[in-house]
Protein chains: 2
Amino acid sequence: MVNHDLVREGDQPVYSFVVLEGLIGSTKYTGEGKRQITSFFVAGDIPDLHGLHLSVMDCNFSTLTPARVGFMRHDALRSICDQHPRIAAAFWRSTLIDAAIYREWVTNVGRREAYTRMAHILCELICRMRSVGRIEDHVADIPITQAALGDALGLSTVHVNRMLQELRREGLIATTGSRVHARDWAGLKRAGDFDTTYLHQKTPAD
Amino acid sequence: MVNHDLVREGDQPVYSFVVLEGLIGSTKYTGEGKRQITSFFVAGDIPDLHGLHLSVMDCNFSTLTPARVGFMRHDALRSICDQHPRIAAAFWRSTLIDAAIYREWVTNVGRREAYTRMAHILCELICRMRSVGRIEDHVADIPITQAALGDALGLSTVHVNRMLQELRREGLIATTGSRVHARDWAGLKRAGDFDTTYLHQKTPAD
DNA sequence: CGTCGCCTTGAATTCATTCAAACCCCGTGG
DNA sequence: CCACGGGGTTTGAATGAATTCAAGGCGACG
């Protein structure tokens, strides 16, 4: 159920999919076999809309937690786009926000140190889950492994573990099982050098 | 002329622009003031098409070398898109390729070590310049500073310098002034763990 | 009750940064 | 014509952040 590839690099899919439940990641592998998660996708997102206009996949989409998705044929999507330019524009916009998130990830991985990076990604996850109603009282249910977090942050599992400990020690988060509780949201944002602008949320859930 | 911001984070521009000459970078700054270049744009590219559908800029666009650009009003572009769905689709496709490049950059910065990372970015630059006819005999004229390369790779200037030296020592590249010569293209691609797929070039210039 | 996956811990190592200084090329002005 | 600066490159040494390796613990599940 977890780490299941829905689409693979090199594929030429005729379907896109929408996330109904769980967490999906777009992933790439280096020649050395190291995995990088390049973005998360939460309920409501359509991760691989780019397949509509790019014939060959340049990344994989895998489940990071148990998940449910719904598939949609490309030809159906295309005819919807042709007939309803507003929807086409909305799809386009959605892919542009994905790109904005990728940009932020490059910055996060390239220029922030591990502790800040960790806090930042938690902020993003919480914001995005909140905007689709998956957060209650700053508590997010994210049954993602520390290894996966490492793949998203470009860090080793061991170091992810230490950074999480430090965030707990600082009183910024608490974890019980798969739940992450943002105990000090303002502090977490500060620690993560986090600014929601890049998410382009209509209601800046903050 | 260099390091000139054409557009700034937070702006709500009414123009997009096309690169006519030179190298443009999309950049972001962390709270600590560190710069990350999240992508390059070469002649023919339209870097900030996303401004068409996202009202506020989440990154800057700066010149990395002396450059010439041409501006285009958003309302003009929008009416072109409305009247010519084929052009709209081409624009959309172009932004999707940008996103694919961002994904690769996340991977490059997150999971490849400095030497490989450096080789990889040179491969990308050379491929993209070649596809728009800016390369003769594997020689690229890229008057970009090592500091800028560092900002693109998430590395310090000093380390960029050392990695370039190593690439020279291995006989993969030669540099004279601002010219980079890929002396051993196959070797450089191997060293950079480089696969052109993500560039989605129609004529895989390789 | 044993096993498997995931989390945690410590110590040694490595990769990359930082700091500081020297160098080089090139354009400018005395 | 040469001294002067300035931006960019190069070098070495010391430091630091994160990885790797290896082992142990913890909890869920068959």
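In the text below, chain A, chain B and the rest are named by the order of the sequence lines, each starting its count at 1.
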Output one line per pair: protein atom, nucleotide atom from nucleotides 21-27 of chain C, and distance, for all N/O pairs under 3.5 Å.
none

| said: Please verify the inter-ring angle class for B:Trp185 with B:His138; under 30° counts as parallel, over 60° as perpendicular, anything in between as tilted. | reply: tilted
| task | Specify the separation, in whole Å, of atom CG of B:Asp151 and atom C1' of D:dG8. | result | 14 Å
Check nucleotides 27-30 of chain D for protein N or O atoms closer than 3.5 Å to its own N or O atoms and list the pairs.
none

| So does B:Glu113 pair up with B:Arg117, basic N to acidic O under 4.0 Å? | no
| said: Over 60° means perpendicular and under 30° means parallel, so tell me whether B:His120 and B:Tyr198 are parallel, tilted or perpendicular. | reply: parallel
| Say you draw a straight line from CZ of B:Phe71 to OH of B:Tyr15; how long is it, rounded to the nearest 0.5 Å? | 8.5 Å
| task | Could you walk me through whether A:Ser26 and A:Ser39 pass the side-chain hydrogen bond (donor to acceptor under 3.5 Å, both in side chains) test, one step at a time? | result | CA-CA 6 Å; A:Ser26 75; A:Ser39 195; 5.3 Å; no
| field | Verdict with reasoning, A:Arg35 to A:Asn3, per side-chain hydrogen bond (donor to acceptor under 3.5 Å, both in side chains) | value | CA-CA 12 Å; A:Arg35 181 171 83 153; A:Asn3 281 331; 3.2 Å; yes
| message | So, using ring-ring contact (aromatic ring centres under 6.0 Å, His included) as the criterion, who are the partners of B:Phe40 when residues are at least two apart? | response | B:Trp105
| field | Selection residues 5-14 of chain B - residue pairs positive for side chain to side chain donor-acceptor pair (under 3.5 Å), sequence neighbours left out | value | B:Asp5-B:Arg8, B:Asp5-B:Ser62
| Results of salt bridge (Lys or Arg N to Asp or Glu O under 4.0 Å) for A:Arg111 - residues two or more places apart only | B:Asp151
| said: Suppose the criterion is ring pair (Phe, Tyr, Trp, His ring centres under 6.0 Å): which pairs have a residue in residues 143-165 of chain B, not counting sequence neighbours? | reply: none
Give me, pair by pair, the N or O atoms of the protein and of nucleotides 4-9 of chain C that are less than 3.5 Å apart, along with how far apart they are.
from  : atom 1 : to       : atom 2 : distance (Å)
C:dC7 : OP2    : A:Gln146 : N      : 3.1
C:dT8 : OP2    : A:Gln146 : NE2    : 2.8
C:dT8 : OP2    : A:Asn161 : ND2    : 2.5
C:dT8 : O5'    : A:Asn161 : ND2    : 3.2
C:dT9 : OP2    : A:Gln165 : OE1    : 2.6
C:dT9 : OP2    : A:Gln165 : NE2    : 2.9

| message | salt bridge (Lys or Arg N to Asp or Glu O under 4.0 Å) for B:Glu124 and B:Arg128? Distances and angles first, verdict last. | response | CA-CA 6 Å; B:Glu124 181 186 311; B:Arg128 293 179 69 183; 3.0 Å; yes
Under 3.5 Å between N/O atoms: give me all the protein pairs with nucleotides 13-16 of chain C, atom names plus distance.
from   : atom 1 : to       : atom 2 : distance (Å)
C:dA16 : OP1    : B:Ala114 : N      : 2.8

| task | Five pairs at each end of the helix from C:dT8-D:dA23 to C:dG30-D:dC1: take the axis at both ends and give me the angle between them to 10°. | result | 30°
| query | Got a salt bridge between B:Glu136 and B:Arg130, using NZ or NE/NH1/NH2 to carboxylate O under 4.0 Å? | reply | no
| remark: Sequence neighbours excluded, the answer for side chain to side chain contact (heavy atoms under 4.5 Å, CB included) partners of B:Ala88 is B:Cys81
| query | Tell me, do A:Leu52 and B:Trp92 make a side-chain contact under 4.5 Å, heavy atoms counted? | reply | yes
Anything under 3.5 Å between a donor and an acceptor, one on a side chain of residues 168-180 of chain A, the other on a protein residue two or more places apart or in another chain? List them.
from     : atom 1 : to       : atom 2 : distance (Å)
A:Arg168 : NH1    : A:Thr175 : OG1    : 2.8
A:Ser178 : OG     : A:Asp141 : OD1    : 2.8

| request: Look only at the side chain of A:Thr30 and the backbone of A:Lys34, and say whether a donor-acceptor pair between them is shorter than 3.5 Å. | output: yes
| request: Mind calculating the distance between CG (B:Leu149) and P (D:dT10) to the nearest angstrom? | output: 12 Å
| remark: From the list B:Ser131, B:Cys123, B:Cys127, side-chain contact (heavy atoms from CB on, under 4.5 Å) partner of B:Leu199 resolves to B:Cys127
| note | In numerical order, the residues of residues 23-33 of chain A whose heavy atoms come under 4.0 Å of DNA chain C are none
